[in-house]
Amino acid sequence: MTKRALITGITGQDGSYLAEFLLDQGYEIFGMVRRSSTVTFERIAHLQDRITMVYADLLDQASMIEVLRTYEPDEVYNLAAQSFVPTSFQQPVLTGEVTALGVTRILDAIRLVNPAIRFYQASSSEMFGKVVEVPQKESTPFYPRSPYGVAKLYGHWITINYRESYDLHASSGILFNHESPRRGLEFVTRKISYNVARIKLGQAKELRLGNLEAQRDWGFAGDYVKAMWAMLQQDQPDDYVVSTGETHSVREFCEIAFDQVGLDWNDFVVVDEAFFRPAEVDLLIGDPAKAQDALGWKAETSFDQLVRMMVDADLDYLQGKLKGIS
Ligand code: NAP
Ligand code: G4F
């Protein structure tokens, strides 16, 4: 029988890759979108005729109960969130409502409508924050450093709580940073690749960034959505770190990105205090051993490939050869 999946956050980076992957697996896809005065479907424009769009909002529990009743999914992937760390410092309450309490709203909707639905929660390496162990694994204690990280930690624990209290098949993927040509323009990787392309094409003269020494375990989003799916195919729900096992600095990202277009990053990058955060996460590096052993999952795209892919895609995008990534 055809499996039915509901994806919240389908208009986001991960939602678009997960929808592609699940369609390839033969799923029927319901994409949860919120009302907007402009169209937000750019990342999924190429899939729109193969997806059923359903209107609901993580802030509105009744809308989610209605969606579950009407479309009867077998699996729910909760990717929706206020996901940008700096915005979480500016809008901490909204971030808590969406990114933290939104998870309870959807879990409770599942409990009420059909507890047999399998649930994926998009947890985050931001929960490790000021890391107390290197590398970070499933058992590493959490120490979030932003309202976003705190909200994700709530979402993580409420998922575990509903699993233990109501026997839901609810799993969390503790995903480390993952990027792609479809990454939002405000995140550092895409900000770099997009502006490198603009500089190469003569559309910009400099690139203003914050902390160049921050280190992240960066992978490719297209690889990571496969781990989400694999978690829901297991007999038992669980939590998994999903990462490459390597870490690189923002500076290294710049070096490779400018190298891809034959330029020296030192000539264009300007450090600007405006992009520093009230509290920083200095170093993230995940240990993906559990995901590798239990799910058979492994990151397939190297850091170098990722950076160069993003720069090339932005060059194409700015020259009108590629759509759907802004
Ligand atoms: P993203 O591109 O920012 O997408 C976020 C999605 O959430 C968008 O579709 C957005 O819809 C939707 N959304 C926001 N508020 C909503 C609300 N109130 N009701 C319904 N939908 C709402 O994020 P992403 O990079 O794809 O990440 C997917 C998930 O993984 C997020 O939960 C993120 O926090 C988490 N995560 C991401 C990473 C990473 O490195 N990418 C790592 C760990 C965890 P609109 O298009 O309408 O704004
Ligand atoms: O790209 P970022 O904004 O991502 P961040 O804060 O690591 O969060 C992302 O990854 C999390 C997983 O760990 C997700 F849960 C979350 O939703 C999001 O997807 O910043 C990365 C690093 C930071 O240390 C930041 O201080 O880059 C540094 N940075 C330096 N200059 C900058 C800039 N970040 C941004 N956004 N813009 C800059 O100009």
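A quick note: this is a predicted structure, and the numbers were derived from the prediction, not measured. Both counts, for ligands and for their atoms, begin at 1 and track the order of listing.
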- Message: Against Phe84, only a single residue in Tyr148, Phe89, Phe187 fulfils ring pair (Phe, Tyr, Trp, His ring centres under 6.0 Å); can you say which?
- Response: Phe187
- Between Glu97 and Gln91: side-chain donor-acceptor atoms closer than 3.5 Å: no
- Using 30° and 60° as the class limits, which term best fits the ring planes of Phe253 and Phe303: parallel, tilted or perpendicular? perpendicular
- Note on the structure: Of Thr189, Asp14, Leu58, the one whose closest heavy atom lies nearest atom 20 (C) of ligand 1 is Leu58
- Query: With atoms numbered from 1 as shown, which atoms in ligand 2 lie under 4.0 angstrom from a non-hydrogen atom of Leu209?
  - Reply: 31 (N), 39 (O)
- Task: Just jot down the ligand 2 atoms closer than 4.0 angstrom to any heavy atom of Glu126, in number order.
- Result: 6 (O), 7 (O), 11 (C), 13 (O)
- Message: Can you list everything that forms a side chain to side chain donor-acceptor pair (under 3.5 Å) with Ser243? Sequence neighbours excluded, please.
- Response: none
- Between Thr301 and Asp223, do the side chains contain an N or O donor and an N or O acceptor separated by less than 3.5 Å? yes
- Which atoms of ligand 1 sit under 4.0 Å from any heavy atom of Arg183? 25 (O), 39 (C), 40 (O), 41 (N)
- Message: Which label fits Phe268 and Phe258: parallel for a plane angle under 30°, tilted from 30 to 60°, or perpendicular past 60°?
- Response: parallel
- Note on the structure: Counting from 1 in the order shown, the ligand 2 atoms closer than 4.0 Å to a non-hydrogen atom of Phe84 are 3 (O), 36 (N)
- Query: Side chains of Tyr224 and Trp297: does their closest heavy-atom pair fall under 4.5 Å?
  - Reply: yes
- Message: Pairs of nitrogen or oxygen atoms closer than 3.5 Å, one from Leu59 and one from ligand 1: do any exist?
- Response: no
- Who's closest to atom 5 (C) of ligand 1 heavy-atom-wise, of Gly31, Ala81, Gly9, Gly102? Ala81
- Side chains of Gln121 and Thr159, donor plus acceptor under 3.5 Å: no
- For atom 23 (C) of ligand 2, find the nearest protein heavy atom and state the residue, atom name and distance (0.1 Å precision). Arg216 NH2, 3.4 Å
- May I ask whether Glu213 places a heavy atom under 4.0 Å from ligand 2? no
- Query: Atoms of ligand 2 less than 4.0 Å from Arg183 heavy atoms?
  - Reply: 9 (C), 18 (C), 19 (O)
- Query: Which atoms of ligand 2 have any heavy atom of Phe275 under 4.0 Å away?
  - Reply: 39 (O)
- Task: Give the single entry among Arg277, Glu186, Lys191 that approaches atom 3 (O) of ligand 2 most closely by any heavy atom.
- Result: Arg277
- Query: How far is atom 29 (N) of ligand 2 from its nearest protein heavy atom, and which residue and atom is that?
  - Reply: Val188 CG2, 3.7 Å
- When you look for heavy atoms under 4.0 Å from ligand 1, do you find them on the side chain of Tyr148, its backbone, both, or neither? side chain
- Query: Among protein heavy atoms, which lies nearest atom 8 (O) of ligand 2, and at what distance?
  - Reply: Val85 CG2, 3.8 Å
- Message: Side chain, backbone, both or neither: which applies to Leu284 and ligand 2 if a contact is any heavy-atom pair less than 4.0 Å apart?
- Response: side chain
- Does any N/O atom on Ser123 come nearer than 3.5 Å to any N/O atom on ligand 1? no
- Task: Quick one: list whatever passes side chain to side chain contact (heavy atoms under 4.5 Å, CB included) with Thr247, sequence neighbours left out.
- Result: Gln215, Leu283, Ile285
- Note on the structure: Nearest non-hydrogen contact to atom 2 (O) of ligand 1 from the set Met228, Gln13, Arg35 belongs to Gln13
